[in-house]
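Order of appearance sets the numbers: ligands from 1, and atoms from 1 within every ligand.
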Amino acid sequence: MSLYLKQIEQLVALQRVDSEIIAIKKGMEAAPKEVDVLRDEFAKLQAAKAQIEEKMHYLLEQAKRLDGEITDDSLKIKKSKNKLMMASNTKEYHAMMREMDNMEKLNRMREEERSTLEEELIRQRTAQTAINEELQKFESLLEEKSNSLQARTEEAQLRLGHLGSERKAAGGSVPPPVLSRYEFIRSRLAAPVIVPVTAGICSGCHISIPPQSFIELQKGTQILSCPNCQRLIYWCEHFQTEEAAEDDGRNIS
Ligand SMILES: [Zn+2]
């Protein structure tokens, strides 16, 4: 293999390591967001639960008040019934009857209100049960996700450590001037730094290489850059035989 091809191969190897590093870092950034979304959902459910509890508290207070009023007036009605016999005249008797009627009417209204409250309480209790179940599910899911996040982070950090050494090894075999060109591009452009040219098109920017540059590239004597995106380029067919052989190997097995 020519020196040119060997260098290209080393750069591609370096790129492979860098691409994996980028992918791992991206994954590490995305994973905590996933957990954050779950935490937000969990907080929303807790807020909804608190709202239900507040409503229930209010409903129970109302129910307690109504129960008290109903009991009080029932007692008054009972007392009035007993006093009815002691009415000294018809006028007083009618007045007492009217008062009892009013209290009975009021209590019937309270009973109605009370049963409406009871229905609402049942609805809220059902909602509370549902939300509690959901919260429980969320809690275990959140715990599971946090644990797996921690495991994944540790795994990723370990892999990054390995890749760091691999990167040093891969970079070590690239001649310093070529390596500094690679690093220069890496610091300025979005990955990848080195890309194949297939059918005359740069796979970094998807624009055609000018014919003169393409002829130069096919000669395979010096490392060229895409005139459009400045990424390092190589002709895919310089490596096609090897890759084709690899493909065949895979197909057979
Ligand atoms: Zn390009």
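- The side-chain hydrogen bond (donor to acceptor under 3.5 Å, both in side chains) contacts involving residues 79-95 comprise S88-E92, where partners must be two or more places apart or lie in separate chains.
- Applying the side chain to side chain donor-acceptor pair (under 3.5 Å) rule to E20 yields the partners R159; only residues at least two apart in sequence or on another chain are considered.
- Among protein atoms, those of element N, O or S found less than 2.8 Å away from the Zn ion (ligand 1) are C202 SG, C205 SG, C226 SG, C229 SG.
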Name the atoms and distances for all side-chain donor-acceptor pairs under 3.5 Å in residues 30-47, with sequence neighbours left out.
| unit_1 | atom_1 | unit_2 | atom_2 | d |
| --- | --- | --- | --- | --- |
| E34 | OE2 | K145 | NZ | 3.2 |

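- Residue L5 is grouped with residue L217 when hydrophobic side chains (ILVMFWY) are merged at heavy-atom distances under 4.5 angstrom, including chains of intermediate members.
- Considering V178, L179, I194 in turn, L179 is the only one that fulfils the side-chain contact (heavy atoms from CB on, under 4.5 Å) rule with L14.
- L59 places none of its side-chain heavy atoms less than 4.5 Å from the side chain of Q62.
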